[in-house]
Student: 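My questions all concern the structure below.
Computed from a predicted structure; not experimentally measured.
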Amino acid sequence: MPVATIPPLPHYTPAPPTKDISEWAPLPVIDFTKAGTPEGQAELVAEVRSAMRTYGFLYVVNHGYTQAQNERIFDIADAMFTQVPEEEKKRLMGDFQGSGSYRGYKPRQTWDISNGVRDQIEQYNFHRSVTDSELQQHPEVIKPFLPELRAFTEHNHFNVIHPLLRMLAQGMELPEETFVNLHNFENPSDASARTMNYPRSEQEESQTNNVWMKGHTDIGTITILWSQPVSGLQILCPDGRWRWVRHIENALTVNIGDGLEFLSGGYYKATIHRVRQPPADQAGYARLGVFYFGMADDDVRLNPLRESPVLQRIGLKCRFEEGHAPTMKQYRTGVTRAYGVSKLSKNEDGTEQEVIHGVLVKHYN
């Protein structure tokens with residue numbers, strides 16, 4: 001039989017890891033190989049529950065992709081920016097305000113960051129189905145890689161998010177499929193992958209206090225960031241200090257979003273995080289990001305799961321008035337349409353805020 005070949009493309013060479021950071025966020029490392037035994041699975045449930053209640057972030061290792069597969073995804077991600085003509089990017093630009101979805105290209109200078117400075121983030125969002133032309137058209141140069149991108153979204157959804165959702169459900173003493181049943185790959189939702197490219201000028205750095213993306217929480221339920229060496233991500237730790245997130249080779253950085261905080265009645269934490277200028281020894285290097293954003297099905301109403309024995313014992317935090325919780329679609333379209341373009345009210349502590357479907361959404365510079 002002939003050996004299957006993959007289409008060639010230029011190899012992306014990442015920057016070397018920084019040596020200029022001494023204080024990292026002390027995030028737990030979750031090793032998926034432990035899930036092979038009942039004892040290991042029980043240990044993982046306890047680790048994931050603790051991490052997502054304390055930090056809202058963790059690392060995952062041994063998740064099923066090899067280092068070579070990881071590098072291949074970054075090669076494809078880089079091609080989305082370096083190999084696609086600007087005219088085609090404009091043709092495939094997303095209508096965020098109209099659709100309430102980030103699908104498609106986002107050009108630089110779409111969002112306001114601070115002091116009149118617009119963002120310099122270029123990104124490409126693609127729906128998890130990848131090959132459904134009715135949902136999304138892709139650049140011509142990327143079309144040969146669509147089967148690999150479909151395998152990538154399936155891997156994130158089924159091999160990373162679903163196992164974590166089972167652990168999180170067990171952590172609340174719920175049936176282990178409780179959250180999984182709200183995250184169906186084939187049902188309508190905006191779960192999607194994203195690639196991002198971040199360049200900035202020195203003048204813009206000084207005007208925004210070196211912040212590339214304001215402090216925020218994510219819209220969905222679980223976000224996966226494929227670890228890459230250019231440092232930029234920081235989380236607001238429980239002691240109120242910003243700390244850097246470390247790069248671990250072929251690891252995933254995973255965090256809880258608003259959707260899961262709402263469904264868990266505040267038991268799990270959507271942690272504030274931001275992107276800022278990399279350290280001096282990485283100045284001038286491109287920062288290329290690859291993500292998968294998990295979302296509950298569009299029709300899932302974001303009410304706390306009051307049947308959880310844990311919530312019945314310790315109580316819950318409900319972010320909505322009784323009977324007024326939005327669906328996942330209502331919440332994510334509201335936030336997507338408003339982000340970076342709506343007028344925010346400023347607080348004395350320097351934060352900015354807006355209300356989306358009855359939820360107070362804060363932004364941190």
Side-chain angles (χ1 to χ4, degrees), residues 15 17-30 46-61 111 113-115 117 119 121 196 198 200 204-220 222-248 251-258 260-261 264 266-283 285 287 289 291 317 319 339-340 344-354 359-365:
T18 181
K19 297 179 180 178
D20 283 0
I21 296 175
S22 59
E23 190 171 21
W24 302 95
L27 304 180
V29 178
I30 304 302
E47 291 174 353
V48 169
R49 177 179 56 211
S50 174
M52 293 315 199
R53 281 180 56 72
T54 304
Y55 297 104
F57 271 76
L58 52 76
Y59 302 110
V60 172
V61 297
W111 299 322
I113 300 300
S114 183
N115 297 321
V117 175
D119 78 281
I121 298 170
M196 299 180 80
Y198 307 71
R200 283 284 285 277
E204 289 166 332
E205 296 290 6
S206 63
Q207 288 178 295
T208 59
N209 197 27
N210 299 324
V211 173
W212 288 10
M213 181 178 282
K214 293 178 183 180
H216 63 284
T217 54
D218 287 346
I219 303 169
I222 292 182
T223 299
I224 301 170
L225 165 65
W226 286 69
S227 189
Q228 55 79 42
V230 179
S231 296
L233 178 62
Q234 293 184 326
I235 70 168
L236 191 59
C237 289
D239 62 2
R241 296 177 60 186
W242 291 101
R243 289 187 175 87
W244 298 86
V245 172
R246 182 191 302 272
H247 167 60
I248 300 176
L252 310 176
T253 302
V254 178
N255 65 278
I256 293 293
D258 292 341
L260 199 56
E261 179 173 317
S264 70
Y267 189 70
Y268 297 122
K269 177 182 180 182
T271 292
I272 299 156
H273 53 286
R274 68 182 183 185
V275 179
R276 62 167 295 132
Q277 182 185 37
D281 64 349
Q282 293 183 322
Y285 285 101
R287 185 173 192 270
F291 305 78
K317 184 189 300 181
R319 297 279 295 276
Y339 185 80
L344 306 176
S345 57
K346 294 193 176 183
N347 302 317
E348 291 183 1
D349 62 1
T351 62
E352 300 168 311
Q353 66 184 40
E354 59 187 329
V359 179
L360 184 65
V361 177
K362 286 191 173 185
H363 304 267
Y364 298 73
N365 279 330

Student: Take Ile235 and Ile272 through the side-chain contact (heavy atoms from CB on, under 4.5 Å) test and state the conclusion after the steps.
Tutor: CA-CA 6 Å; Ile235 70 168; Ile272 299 156; over 6 Å; no

Student: Side chains of Leu225 and Met196: does their closest heavy-atom pair fall under 4.5 Å?
Tutor: no

Student: Donor-acceptor pair, Asp258 side chain versus Ile219 backbone, under 3.5 Å?
Tutor: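 It does not hold such a pair.
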
Student: Drop me the distance from Asn255's CG to Phe57's CZ, to the nearest 0.5 angstrom.
Tutor: 3.5 Å

Student: About how many Å separate NE2 of His216 and NE2 of His273, when rounded to the nearest 0.5 Å?
Tutor: 3.5 Å

Student: Using salt bridge (Lys or Arg N to Asp or Glu O under 4.0 Å), reason through Glu261 and Lys317 one step at a time and then give a plain yes or no.
Tutor: CA-CA 9 Å; Glu261 179 173 317; Lys317 184 189 300 181; 5.4 Å; no

Student: Taking atom CZ of Arg49 and atom OH of Tyr267, what is their separation to the nearest 0.5 Å?
Tutor: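 Rounded to the nearest 0.5 Å, the CZ-OH separation comes to 5.0 Å.
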
Student: Should the pair Arg53 and Tyr268 be classed as cation-pi, given the thresholds of under 6.0 Å to the six-membered ring centre and 45° from the axis?
Tutor: no

Student: Go through the steps for Glu23 and Arg241 under the test side-chain contact (heavy atoms from CB on, under 4.5 Å), then give the verdict.
Tutor: CA-CA 11 Å; Glu23 190 171 21; Arg241 296 177 60 186; 2.8 Å; yes

Student: Pair Leu58, Val29 - check side-chain contact (heavy atoms from CB on, under 4.5 Å), show working.
Tutor: CA-CA 6 Å; Leu58 52 76; Val29 178; over 6 Å; no

Student: To the nearest 0.5 Å, tell me how far Thr271 OG1 sits from Tyr55 OH.
Tutor: 10.5 Å

Student: Give the C-alpha distance, both sets of side-chain angles, the deciding distance and a yes or no for side-chain contact (heavy atoms from CB on, under 4.5 Å) between Thr18 and His247.
Tutor: CA-CA 9 Å; Thr18 181; His247 167 60; over 6 Å; no

Student: Do the non-hydrogen side-chain atoms of Lys269 and Ile256 ever get within less than 4.5 Å of each other?
Tutor: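 Lys269 does not reach Ile256 side chain to side chain.
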
Student: So do Ser231 and Gln282 actually touch side chain to side chain, heavy atoms under 4.5 Å?
Tutor: yes

Student: Please tell me if the side chains of Arg246 and Ile21 come closer than 4.5 Å, counting only heavy atoms from C-beta onward.
Tutor: no

Student: Would you say Arg243 and Cys237 make side-chain contact, with heavy atoms under 4.5 Å?
Tutor: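 Answer yes - side chains close enough.
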
Student: Hey, does Ile222 have a side-chain heavy atom less than 4.5 Å from the side chain of Val254?
Tutor: yes

Student: OG1 of Thr253 to CH2 of Trp226: how many Å apart, nearest 0.5 Å?
Tutor: 11.5 Å

Student: Identify the two heavy atoms, one from Ala270 and one from Thr217, that lie closest to each other, and give their separation to 0.1 Å.
Tutor: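 Reported closest heavy-atom pair: O-CG2, 3.2 Å.
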
Student: Nearest 0.5 Å, what's the CG-OG1 distance between Asp218 and Thr223?
Tutor: 3.5 Å

Student: Check whether any side-chain heavy atom of Pro279 sits under 4.5 Å from a side-chain heavy atom of Trp244, and report yes or no.
Tutor: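 In contact.
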
Student: Do the non-hydrogen side-chain atoms of Val245 and Tyr59 ever get within less than 4.5 Å of each other?
Tutor: yes

Student: Within 45° of the axis and under 6.0 Å from the centre of the six-membered ring of Trp242, does NZ or CZ of Arg274 qualify?
Tutor: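 Here Arg274 passes the 6.0 Å and 45° test against Trp242.
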
